[in-house]
There are 2 protein chains.
Amino acid sequence: MVTIKDIAKAANVSQATVSRVINNGPKVGPVKRAHVQRIMDELGYRPNLAARAFVTNKFTSLGVLVPEILDPFMATFAHHIEKLCQSIGLQTFITSGHNDVIKEKLAIENLLDHRVSAMVLHSKVISDEDLLKYSELCPGLVLINRLVPGLEDRCVWLDNRMGSELVVEYLFSMGHRKFAYINSDFDIDDPQLRLEGVKSCLTRHNVKLPDSAIAYAPPFHEGGAQAVESLIAGGTKFTALVTYNDAMAVGAMNFMLDQGIHIPRDVSVVGFDDVVYARDARPQLTTMRYPISMMAQAAASIAIQSAQQQTIDPTIQRKYTPSLIRRQSVIERM
Amino acid sequence: MVTIKDIAKAANVSQATVSRVINNGPKVGPVKRAHVQRIMDELGYRPNLAARAFVTNKFTSLGVLVPEILDPFMATFAHHIEKLCQSIGLQTFITSGHNDVIKEKLAIENLLDHRVSAMVLHSKVISDEDLLKYSELCPGLVLINRLVPGLEDRCVWLDNRMGSELVVEYLFSMGHRKFAYINSDFDIDDPQLRLEGVKSCLTRHNVKLPDSAIAYAPPFHEGGAQAVESLIAGGTKFTALVTYNDAMAVGAMNFMLDQGIHIPRDVSVVGFDDVVYARDARPQLTTMRYPISMMAQAAASIAIQSAQQQTIDPTIQRKYTPSLIRRQSVIERM
DNA sequence: CTGAAAGCGCTTACAG
DNA sequence: CTGAAAGCGCTTACAG
């Protein structure tokens with residue numbers, strides 16, 4: 001690889017001058033500038049960004065931590081971060097932590113050791129304390145889908161509770177009175193918050209949600225099927241099925257359809273997230289839209305700004321509320 | 001951040017010694033080693049991987065280029081690369097090129113400038129010449145899903161032609177004689193190769209595929225719907241619908257279902273790729289499995305080995321053939 | 001406008 | 001077993 005030295009020698013100028021023309025730096029004579037430029041072109045010089053990053057100790061890459069890139073929700077998240085970074089010439093390091101404390105920590109520490117100056121973390125299993133510790137090490141650290149006390153201004157999160165309240169409110173307004181809920185069995189706070197939302201809204205309407213009408217399973221397609229299966233096997237009767245996410249919703253719908261239960265005539269179903277395939281399902285899934293693209297962009301912006309020690313644009317929203325997308329999986333109940 | 005110098009000073013040894021204990025290097029006295037280690041722990045020293053990479057000029061990260069991380073197929077691909085890299089402590093840079101020549105080149109050049117020593121590229125739009133040129137600049141460059149003449153040993157590809165032949169062969173054996181094909185309208189070679197496979201197999205069986213039985217659209221869910229719609233509107237009759245990929249297949253199935261056409265009773269449908277949601281569709285989609293996880297791992301292994309100038313493990317397979325996954329979207333035609 | 005020199009945080013011959 | 005020194009490819013005061 002040809003280096004700045006080679007160019008300096010070939011152009012018969014100093015390294016400093018070469019560096020200045022590379023960076024369109026200040027005050028280099030137009031003649032010399034053109035000359036150096038020509039030599040660089042001839043020799044096919046490419047600046048070593050790694051070296052530059054090292055010496056300037058500045059901002060060239062942003063780390064992203066997701067539990068699992070295969071998850072379409074996470075892919076969407078990563079996509080929007082990458083898109084924003086690409087537009088400003090930032091490389092993105094993507095790593096996954098698989099919802100495992102050890103792995104997530106290793107991944108973050110590796111990012112830290114690579115001296116990324118910004119990172120956007122989707123981490124649900126690391127403790128608040130550890131996150132606080134990491135945030136001190138990396139001023140550009142931002143959390144998505146999580147609210148850490150003491151780090152509020154570097155968190156971008158969703159009001160999960162409100163999300164499920166809106167779902168239940170809607171189903172209630174459609175005449176439903178018999179509810180069931182299938183929840184994720186992951187030991188993180190989202191399932192708990194969403195369940196709380198469901199319960200509090202139901203309580204407000206004096207509708208009971210017995211424990212037997214709540215089933216837990218992994219938050220995937222199969223989990224959704226398992227969960228409704230156990231609900232049905234347990235004799236629970238319901239006209240409205242609220243689910244933790246779209247994957248479970250579709251799994252549950254498919255299971256019921258396979259059993260000859262008609263959706264939405266027999267059971268109305270509502271998902272959560274509005275991932276790509278919600279609309280591809282049959283019937284098309286009514287769901288809460290998680291504004292992940294806006295949130296991802298907000299998180300990346302905050303990360304970049306705080307990495308640069310800038311004051312953060314106060315208009316960037318940090319708390320989001322999902323919105324109802326009505327499709328075909330819910331019907332009015334008289 | 002505490003540096004190696006700080007440690008050297010605090011431990012009252014040379015930088016060289018510190019460096020040796022960091023790297024578990026050769027011959028450092030056990031007492032000194034322990035002492036230095038203790039100081040490092042106390043001061044919370046973390047080696048600067050960027051600096052190390054810079055000086056050793058070695059292998060610390062691998063670049064991945066995909067058209068679009070949102071595409072579940074690409075997400076799967078990226079996932080498997082990342083997993084393999086993670087297991088050996090390699091960071092992955094993920095970038096996307098959106099099937100645009102300019103963007104793809106920029107992305108690759110950026111990767112190059114960052115001095116990644118290996119990269120796995122899913123590129124369909126850059127010319128063979130350019131790829132050859134890049135491959136000289138980066139010995140660890142590997143192509144996936146593409147075969148570049150002169151670069152065969154650093155390509156991992158699928159026999160697309162054979163894939164569609166197998167699809168048609170199967171449908172033929174199930175008694176189908178009236179075929180239609182919906183293809184991607186992207187200007188890359190895969191659609192062409194897959195179509196060739198369809199045609200050649202049909203020709204072998206003396207079945208005609210008139211141009212009116214072929215429709216082109218973008219290779220997504222909506223495209224699938226559009227394509228069948230135009231086929232049906234054009235008056236084409238078929239009992240078997242062969243599709244470019246699962247997304248189009250599901251889009252087409254949903255469109256037909258919405259029209260009251262029963263799948264598979266009226267029309268049998270076969271996809272291609274076997275992405276996650278093929279099994280979640282109703283009816284479950286019969287499709288060709290693209291062995292993307294094996295291929296991704298093979299590509300990453302080759303990239304890593306050739307980046308290290310190792311001789312490449314000859315047992316690593318480079319050409320793959322997809323295999324038929326029978327589910328519910330095909331029925332026998334008497 | 002231009003250059004000589006120092007320095008970023010590491011590793012690695014080389015010498016002892 | 002240990003240290004002094006050079007060097008990786010850049011940038012950036014500093015001096016002129």
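These numbers were taken from a predicted model, which means no experiment stands behind them. Proteins come first, then strands; the chains are lettered A, B, ... in the order of their sequence lines, and each starts at number 1.
- Near DNA chain C, defined here as any heavy-atom distance below 4.0 Å, the residues from residues 1-8 of chain B are B:T3, B:I4, B:K5, listed numerically.
- Here the C1' atom of nucleotide D:dG9 and the CD1 atom of A:I22 are 10 Å apart, to the nearest Å.
- For A:D153 and A:R318, the salt-bridge test fails: no basic side-chain N is under 4.0 Å from an acidic carboxylate O.
- Partners of B:F73 under the ring pair (Phe, Tyr, Trp, His ring centres under 6.0 Å) rule, at least two apart in sequence or in another chain, are B:Y290.
- Rounded to whole Å, the distance from NE2 on B:H114 to P on D:dG9 is 17 Å.
- For the salt bridge (Lys or Arg N to Asp or Glu O under 4.0 Å) test, residues two or more places apart in sequence or in another chain that qualify with A:R46 are B:E109, B:D113.
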Under the 3.5 Å Watson-Crick or G-U criterion, the dot-bracket string of DNA chain D, with | for inter-strand pairs | |||.||||||||.|||
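- The side-chain hydrogen bond (donor to acceptor under 3.5 Å, both in side chains) contacts involving residues 68-80 of chain A comprise A:E68-A:H98, A:E68-B:H79, A:H79-B:E68, where partners must be two or more places apart or lie in separate chains.
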Could I get a table of every N or O pair under 3.5 Å where one atom is in the protein and the other is in nucleotides 1-5 of chain D?
{"residue": "D:dT2", "atom": "OP2", "partner": "B:G29", "partner atom": "N", "Å": "2.6"}
{"residue": "D:dG3", "atom": "OP2", "partner": "B:S14", "partner atom": "N", "Å": "3.3"}
{"residue": "D:dG3", "atom": "OP2", "partner": "B:S14", "partner atom": "OG", "Å": "3.3"}
{"residue": "D:dG3", "atom": "OP2", "partner": "B:T17", "partner atom": "OG1", "Å": "2.6"}
{"residue": "D:dG3", "atom": "N7", "partner": "B:R20", "partner atom": "NH1", "Å": "3.2"}
{"residue": "D:dG3", "atom": "O6", "partner": "B:R20", "partner atom": "NH2", "Å": "2.4"}

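- A:T95 contributes a side-chain N or O that, together with a main-chain N or O of A:V64, makes up a donor-acceptor pair within less than 3.5 Å.
- Legend: residues meeting side chain to side chain donor-acceptor pair (under 3.5 Å) with B:K32, ordered by chain and number and at least two apart, are absent.
- Every side chain to side chain donor-acceptor pair (under 3.5 Å) that B:K105 has, sequence neighbours left out, goes to B:D130.
- Atom C1' of nucleotide D:dG9 and atom NZ of A:K9 are separated by 13 Å, given to the nearest angstrom.
- Remark: the backbone N or O of B:S96 is paired with a side-chain donor or acceptor of A:E82 at under 3.5 angstrom.
- Looking at residues two or more places apart in sequence or on another chain, you find no salt bridge (Lys or Arg N to Asp or Glu O under 4.0 Å) involving A:K9.
- A heavy-atom distance below 4.5 Å is found between the side chains of A:M119 and A:L112.
- DNA chain C lies under 4.0 Å from at least one heavy atom of each of the following residues of residues 37-46 of chain B: B:Y45, B:R46.
- Residues passing the ring pair (Phe, Tyr, Trp, His ring centres under 6.0 Å) test with B:Y320: none are found, sequence neighbours excluded.
- Applying the 4.0 Å criterion to OP1 and OP2 of C:dT11, one finds that B:N23 has a side-chain N or O inside that range.
- Atom C1' of nucleotide D:dC8 and atom CZ of B:R115 are separated by 12 Å, given to the nearest angstrom.
- Not counting sequence neighbours, A:T92 has no partner by the side chain to side chain donor-acceptor pair (under 3.5 Å) test.
- Checked for salt-bridge contact, A:D128 and A:R146 meet the test: a charged N lies under 4.0 Å from a carboxylate O.
- Rounding to whole angstrom units, CZ of residue B:R52 and C1' of C:dC10 are separated by 8 Å.
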